[in-house]
Amino acid sequence: MASDPKPTTPEPKGAAAVPRHWLPSPWDHSLEKLKATLSSPGGPCDANDLKIVPWGAKQCEGYIDVPAAKIADICKVLRDDPDCRYEIVMCISGVDYSKEDDKLAIIYHLLSVANNQRAQIRAWVPKAAPEIDTVEGVWAAANWHERETYDFFGVVFRGHSDLRRILCPEDWVGFPLLKDYEFPKEYHGISCV
Amino acid sequence: MISLHVMESIGGQARRAAPGTNWTIDLIEWARKCSLSKWLANAAGYEEAPVPPDWIVAAVGAGIAVGLVLAFISVVAMFSIWLERRVAGRIQSRIGPNRVGPFGLLQSLADGVKLLLKEDIIPSGADRSLFILAPALVMASALGMFAALPMAAGAGFTDLNLGIIFIIAVSSLATIGVIMAGWSSNNKWALYGAMREAAQVVSYEIPLGLSLLVPAVVAGSMNLREITESQSSWSGACWLIFQNPICLPAFVLYFVAALAETKRAPFDLPESESELVAGFHVEYSGIRFSFFFLEEYGAMFIMSALGVALFLGGWNFPGIDVLHGGWLVATQLLVFVIKSLCMILLMIWVRWTLPRLRVDQVMVMSYKYLTPIGLGLVVASAGWEVLVAGGLPFNDRPFWMQAATPALVVFVCLLLGWMLRKQSVDSAAAPFAARSSAPGAIQT
Amino acid sequence: MVPSSETPARGAAATLPVKPAGQGDYDEDFNLKPKFATPLARNEREMVMDVRTQDMEMNMGPQHPSTHGVLRLLLRVDGEIVTGAVPYIGYIHRCAEKIGESVEWIQYLPYTDRYDYLAAMNNNLGYSMAVEKLLGIEIPERAMYIRTICAELNRIGSHLIAFGTYGLDLGAFTPFFYSFREREWILSLFEKICGARLTYSYIRIGGVFNDSPPGWLEEVAAFCNDFEEKWKEYNDLLSENSIFVSRTANVGVISVEDALAFGLTGPCLRGSGIAYDLRKAQPYELYNKFEFDIPVGSGRKGTVGDCWDRYDVRMQEMRESVKIVRQCLAGIQEGPTLAKLSAALRVPAGHAYVGIENPRGELGHFVISGGDKKAIRLRVRGPSFCNLSILPKALPGTMLADAVAVIGSIDIVLGEVDR
């Protein structure tokens, strides 16, 4: 295992230089390798479907944008492939980047205990009809994470065994973490303002 | 007395009149002679107040007896509660109640007043009549058990030939009250508590009864007064626990079973607050709750007192014989209560030290260990009495026989240690333990 | 998991289906169907055959002494045996993620205190590290030392509560008071360094709020010495108690596969036999400088992954934390404790996920900044949330009293589950 994960040099002032902390840590899966695994013959998807968002670009963590339609297969490979072995889904987060966007991102943070590495994949779903396959069959933990994403973003996970609100009350109206969400004036006579 | 007649039918013929009867008659005689009675009688056209019929005498006597028992049980329970809280505080490195009265002694009284003044809530879904009846029945069983206790020579309420059986029988009455409480509350947690209580008390009455048979066999009587009197000697060596080496394990067995009978930790399953919230009395509040509370501590006292009377010499204490008359009775009473409180102290100590057993473990403990041991002890003590002691009175037994018990202490400690170890090993294959799984191969 | 035959409509309340004989988990002869009937003990089968009763549904919580907060469990019970469990959460949902999008970066810090309120220092640390990762700033070394000391002390405090309340769950009252006595010292140490006893907001973006007061480090050392002695007492009091062992060994066994599938982290994962600790595996801050061990469930009293193992991992971790604190005290140097940051903090646009080892597992903060004063998205991955989700899997087949033991051994904090 490797060195101190914190950057020891201060942030470079020059705009061109990529700050060191935007580089992958020693425990982050190489995105190219990940892409190669996913698009290998017999793999779930084509190389063209996968888009690498490299580390540092747009000051992002590195992602692989994956096609939402194949998410269950992709996750299965990520769990079972000997180079990946992502046994744990750390979190499944919906992201609504801005009000103007017409799509939502669903980001899967994965951890492999066996290989001690992490990876992030991102799938995009249209805001108008957010639907994606469940990965509950891959990781049981996804059950609750997907319920939470449904609760906050209204993303419907197809094939989910028990899709209902988890943190908000069951009769709550709207999906609070969407950027165009409007706070209700009251809830059962309780003022929310 | 009415109660006496009832008890007579349970316990066979009464050896002598209950001590209350005579002065009840005196009291009524005095009441007849007082000026108010005369004035009333004159007003009604009689020469003097009429001699009351026997049933009134009996009723007044019983009322006074019940009043005394109620006062005694309340005081003892309050003191036990105070003791429990102070001892628990000491065990847990805190202070405990110390504000009301000296050393917080009146805390229980203050709590009692608070409970009395609280709103009496009966849940809307409850079975009203059973709900109201249950605490009364529970309390009645605690009061009834007192009737047979030999507190001091000549100071018991009654004198039954089958005192031991009577106490066991009446103590089971509380179970019915508890089941009624659990059922009528219309609460699933309460129902759980009631069912657990039923199962547990029924199971533990067997080892309890068996352990009580040992002193009956040794002393040759089931009369608590006789058993206690047979243990009197100047040195205390006649306490039944020293009479034969079987009595000490029997006493330990009795203590464990008594813990379970009185629902004390580690057997407090019927009211285990971390699982069943409060068990059978979860829906009770105010004075009805305090009845359950009083009963618990009253039953603790009676179980301790029974153990004291049967095993620890009852009211006897070395050197107590120099006293006479009222002093002797008062001292005997004091000795008896203090001995019982010592056993309560032991129960408290156990409660604040040990975790709670699971319900199947409690059953396993009773049926697989305590009951066979109890059976063995009864047989062994009978064998000892016949073959070794040869029916000698306690005072005539040789010293080595009484020294055998302390020697046995070591052995019993080892046995108990082995038993508890066995228990934990046994639960490794417990039927309801979660299923095991193949250990994973993942190594990092 | 309690099976439900169909996916309910969006937002519809799903309830436990009541199933007549033959359609539920039992067949016509009231034998458990294969799904439930993994290795069934013989006695259990006999009992099922013997007593043909309908299962009862009961609510455990939201007000229940052993659900460690406002967790509501819908239990299906067959006598004393739990045959199904559905957790209902959200009773203290405080919209932490929504708030994270509406307040400024520094303003959010107090909200982190409130998710795992028993380990607020660690929460502060996780959030600060996530924002610092976006900012790309360097933290003064003394600040990192103090952060580590505080985080580890808080871990001890949190595990002490786990130890005490676990005793309480199993009916042993006394350890609870002992554990609070030691925790009291930790809290007073925190009070001395930051003025707060529960919600500290002490570890800030860029370091720690202020330097330690004079004599504080010495008192920490004194605490370490005292605590090691006390720890032995506690271990003797509870860990080896035969009733305690019989209540916890072989109870609520979580296999490695289940632990990973349900995303268990922290002591729950290590209790199942996997030595995975982020402080070792992916060391952050100064943890690669320190020597300490990762306690792992050994199955010493029963099966690997049972309640006793999870409990024992926490007990051992307290000692390891003491080790770490001692090394911190040996290595700490004078210096600044807070990096210079502007008051109105603008965080460069970007994504950052930082997971740290909380007392209950991996606390992940996933922050997305648009370069503004506020976050676009602030996702919190609470360890208790995932740890709790194994209950529907772990509870069926245990007894009611074991259910309490299992919940206690998972050691949830509802503030974090509900956020």
Non-hydrogen atoms of [X] and [Y] that approach each other most closely:
X        : Y        : result
A/Val113 : C/Ile274 : CG1-CG2, 3.6 Å
C/Phe366 : A/Ile107 : CZ-CD1, 3.6 Å
C/Gly263 : A/Ala141 : N-CB, 3.7 Å
C/Ile376 : A/Asp96  : CG2-O, 3.9 Å

Checklist outcome for this item: Among C/Glu97, C/Arg377, C/Lys289, the residue with the most heavy-atom pairs under 4.5 Å to chain A is C/Arg377
Item to check | Heavy-atom pair count under 4.5 Å with chain A, highest-scoring of C/Ala352, C/Ala259, C/Cys95 | outcome: C/Ala352
Checklist entry - Atom CD of A/Glu87 and atom CG of C/Leu264: how far apart are they, to the nearest 0.5 Å? => result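 Going from the CD atom of A/Glu87 to the CG atom of C/Leu264 covers 13.0 Å.
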Checklist entry - Roughly how far, to the nearest 0.5 Å, is CZ of A/Arg85 from CG of C/Leu260? => result 9.0 Å
Pick one of side chain, backbone, both or neither for [X], based on which atoms fall under 4.5 Å of a heavy atom in chain A.
X        : answer
C/Ser369 : neither
C/Ile368 : side chain
C/Leu278 : side chain
C/Tyr287 : neither

Is any side-chain heavy atom of [Y] closer than 4.5 Å to one of [X]?
X        : Y        : result
A/Gln117 : C/Gln282 : no
A/Ile166 : C/Tyr88  : no
C/Leu388 : A/Trp144 : yes
C/Glu101 : A/Lys179 : yes
A/Trp27  : C/Pro283 : yes
A/Phe183 : C/Lys98  : yes

Checklist entry - Between C/Phe262 and A/His145, is the gap from one ring center to the other below 6.0 Å? => result no
List the atom pairs, with distances to 0.1 Å, where a side-chain N or O of residues 63-76 of chain A and a protein N or O form a donor-acceptor pair under 3.5 Å, not counting sequence neighbours.
unit_1: A/Tyr63; atom_1: OH; unit_2: C/His351; atom_2: ND1; d: 2.7
unit_1: A/Asp65; atom_1: OD1; unit_2: A/Arg122; atom_2: NE; d: 2.9
unit_1: A/Asp65; atom_1: OD2; unit_2: A/Trp124; atom_2: NE1; d: 3.3
unit_1: A/Lys70; atom_1: NZ; unit_2: A/Asp49; atom_2: OD2; d: 3.4

Next on the checklist: Quick check on A/Leu178 against chain C: is it the side chain, the backbone, both or neither that has a heavy atom closer than 4.5 Å?
Outcome noted: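 Answer is backbone: N, CA, C or O of A/Leu178 sit under 4.5 Å from chain C.
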Item to check | Residues, nucleotides or ligands: over 12 heavy atoms within 6.0 Å of A/Tyr187 OH | outcome: yes
Checklist entry - So does C/Glu291 have more than 12 non-hydrogen atoms from other groups sitting under 6.0 Å from CD? => result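 Not more than 12 within 6.0 Å, no.
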Keeping [X] on the side-chain end and [Y] on the backbone end, is there a donor-acceptor pair under 3.5 Å?
X        : Y        : value
C/Arg379 : A/Gly94  : no
C/Lys393 : A/Ala140 : no
C/Arg381 : A/Met90  : yes
A/Arg118 : C/Tyr353 : no

Checklist entry - Where do C/Glu362 and A/Ile88 land on the side chain to side chain contact (heavy atoms under 4.5 Å, CB included) test, with the steps shown first? => result CA-CA 11 Å; C/Glu362 173 167 339; A/Ile88 296 183; over 6 Å; no
